[in-house]
Amino acid sequence: MTTYKIPVIPGDGIGPDIVTEGMKVIDSAGEKFGFDVEWIEYPHGADHFLETGELISEDTLKELSQYSAIYLGSIGDPRIEPGVLEKGILLAARFYFDQYINLRPIKLLNGVWSPIKDKTPDDIDFVVVRENTEDMYIGIGGRSTKGASSKILEVNRNLYSAKFNLDIETDSEEIAYQIGMISKEGTRRVMEYAFELAQNRSKNLASVDKANVLSDIYGFWREEFESMSSKYPEVKTDFNYVDAITMWFVKNPEWFDVVVTPNMFGDIITDLGAMIQGGLGLAPGGNINPEGTSMFEPIHGSAPKYKGQNKVNPIATIWAGAMMIEQLGEQEASDNIVKAIERNISEGKVRTYDMGGTAGTSDVGDEIAKLVKE
Ligand code: IPM
Ligand code: MN
């Protein structure tokens, strides 16, 4: 029997509640499909930071890099200034493991109510491939007050490094700036992944940009997309400005099959995507490095007000778990988990409050774990 070793970071807020259910369902799928999981728990998150001052150390990241997949609950806590945990743990891991693809399926399951009238599971079934390491997320920028100053900003990655030597002069009282950067290597690899995915689905790939205004960065993105499209003649492509695509997601979601997007626009449009597929409680995601360590998580946050209440919907996390075991090669077990989720939803007996039910987080986990085995 295969045994997978999977590190788990339950994290903050509702993280421990939902991840427990995800592990329960995967264990149950393992019993049915003949694999075992050894879960290795890591304490990183707000409590660990408050106790020890550590976010996540280089040593821990290095240790984690021996595994192919990490299971993550959620990160974020109101006791700590916004961004500290998110950048220090979540983004640190995405960058360290070079998880350059953020894969976010937007799929309306049978039995889920969508706020979009007259759209069915046939209409809402696409995948967003979000670039996950570059763009406005590289985390370099600064502030300068009136006068002259200078600043060196650096991005150091395995893929490449870049250094900005800035001489700043301003007569404004104070300026703030953030540098967004994409690279040829970084852009090509995520686009190649998206073209390959589209090739294996309905051969339809939409790119997102804002090349009409942010033309340096997204004009470059668009050129790379165009140049790669000539290598995939069977894939039908089009460009979408990010503002317009939010409109099309709502009006004509059936147009989309695979959508490839720069990091920040991807962050924004996938929250919208989550809503059209029934809400944040149902939206999973994978941070993927196809040759390295990937990390799977729900796309929602840590919902601190529901912490420890056994109240929130664990389905996004369970579904992210299904994506994780698919990545590990357990396709059949993964499909089975998604089917069990769908059955739980269509039967409508055991549902959390967000779906109009009264069941607790663990009841939904128990039910899906049971359905997986049937
Ligand atoms: C997401 C989240 C993160 C992001 C935050 C928590 C850093 O919003 O996974 O979508 O912006 O990528
Ligand atoms: Mn987000």
Side-chain angles (χ1 to χ4, degrees), residues 94 98-107 116 123-138 159-160 178-277 283-290 299 323:
R94 287 179 183 171
D98 206 12
Q99 294 160 340
Y100 60 92
I101 292 141
N102 192 322
L103 195 65
R104 297 188 158 177
I106 309 294
K107 185 171 160 68
I116 304 191
D123 301 309
I124 303 178
D125 184 3
F126 60 97
V127 183
V128 176
V129 177
R130 168 186 174 193
E131 200 289 322
N132 210 26
T133 60
E134 303 194 309
D135 197 27
M136 298 302 285
Y137 274 66
I138 53 176
L159 195 62
Y160 61 85
Q178 189 91 37
I179 296 182
M181 179 185 78
I182 63 176
S183 67
K184 208 149 199 150
E185 298 86 347
T187 304
R188 279 189 184 155
R189 63 184 184 174
V190 68
M191 285 183 177
E192 195 171 316
Y193 184 94
F195 272 101
E196 292 288 332
L197 185 62
Q199 183 110 280
N200 292 322
R201 287 177 52 107
S202 307
K203 302 189 167 40
N204 171 342
L205 178 61
S207 171
V208 182
D209 64 48
K210 185 75 186 176
N212 50 344
V213 180
L214 307 173
S215 46
D216 289 301
I217 182 164
Y218 302 124
F220 183 88
W221 173 273
R222 187 177 277 219
E223 274 168 35
E224 288 303 320
F225 184 72
E226 249 178 327
S227 107
M228 192 163 291
S229 70
S230 60
K231 283 189 219 129
Y232 293 88
E234 319 89 281
V235 177
K236 202 173 138 287
T237 57
D238 64 354
F239 305 111
N240 297 263
Y241 293 133
V242 62
D243 48 350
I245 208 168
T246 60
M247 174 177 76
W248 303 128
F249 271 15
V250 172
K251 188 165 178 289
N252 296 101
E254 68 281 2
W255 286 354
F256 299 101
D257 176 33
V258 180
V259 177
V260 66
T261 168
N263 204 345
M264 189 170 72
F265 297 151
D267 178 41
I268 298 166
I269 66 175
T270 52
D271 267 27
L272 176 63
M275 281 322 292
I276 69 173
Q277 73 178 116
N287 302 280
I288 294 173
N289 176 336
I299 86 163
M323 292 173 71

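Numbers here are sequence positions counted from 1.
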A side-chain contact here means heavy atoms from C-beta on lying under 4.5 Å apart; do E196 and Y232 qualify? yes
Please determine which of W248, W255, F249 meets the ring-ring contact (aromatic ring centres under 6.0 Å, His included) test together with F126. F249
Using side-chain heavy atoms (C-beta onward) and a distance below 4.5 Å, is T133 in contact with R189? yes
Atom of Y241, atom of K210 and distance for their closest heavy-atom approach: CD2-CA, 4.1 Å
State the CG-OG1 distance between L272 and T246, to the nearest 0.5 angstrom. 6.5 Å
Is there side-chain contact between I268 and V242, with at least one heavy-atom pair below 4.5 Å? no
Note, I101 side chain near P290 side chain (heavy atom, < 4.5 Å): yes
Provide the full list of salt bridge (Lys or Arg N to Asp or Glu O under 4.0 Å) pairs with a residue in residues 254-264, sequence neighbours left out, each pair given once. K119-E254, R201-D257
L205 and A194 have their tightest heavy-atom pair at CD1-CB, 3.9 Å
Taken to the nearest 0.5 Å, the spacing of D216 CG from M181 CE works out to 14.0 Å
Which value, rounded to the nearest 0.5 Å, describes the distance between M228 atom CE and R188 atom CZ? 6.5 Å
In short, S183 meets Y160 closest at the heavy-atom pair OG-CE2, 3.2 Å
Residues forming a ring pair (Phe, Tyr, Trp, His ring centres under 6.0 Å) with F225, sequence neighbours excluded: F195, F239
Indicate whether any N or O donor in one side chain lies under 3.5 Å from an N or O acceptor in the other, for Y100 and E134. no
Ring centroid separation for F265 and Y218, is it under 6.0 angstrom? yes
Among all residues two or more places apart in sequence or in another chain, which pass the side chain to side chain contact (heavy atoms under 4.5 Å, CB included) test with I217? D135, I182, L214
All heavy atoms of I138 vs all of G180, minimum pair found to be CD1-C, 4.4 Å
Show your reasoning for whether side-chain contact (heavy atoms from CB on, under 4.5 Å) applies to N204 and V258. CA-CA 6 Å; N204 171 342; V258 180; over 6 Å; no
K184 NZ to F220 CZ distance, which is reported to the nearest 0.5 Å: 5.0 Å
Could you go step by step and tell me if N263 and R130 meet the side-chain contact (heavy atoms from CB on, under 4.5 Å) rule? CA-CA 6 Å; N263 204 345; R130 168 186 174 193; 2.8 Å; yes
Could you state the interatomic distance from CZ (R222) to CG (D209), rounded to the nearest 0.5 Å? 4.0 Å
Nearest heavy-atom neighbours spanning T270 and I106: O-CD1, 4.5 Å
Separation of Q277 CD from D125 CG (nearest 0.5 Å): 10.0 Å
For the residue pair P284 and I299, what are the closest heavy atoms and their distance? O-CG2, 3.5 Å
Between N289 and D98, a side-chain donor and acceptor under 3.5 Å: no
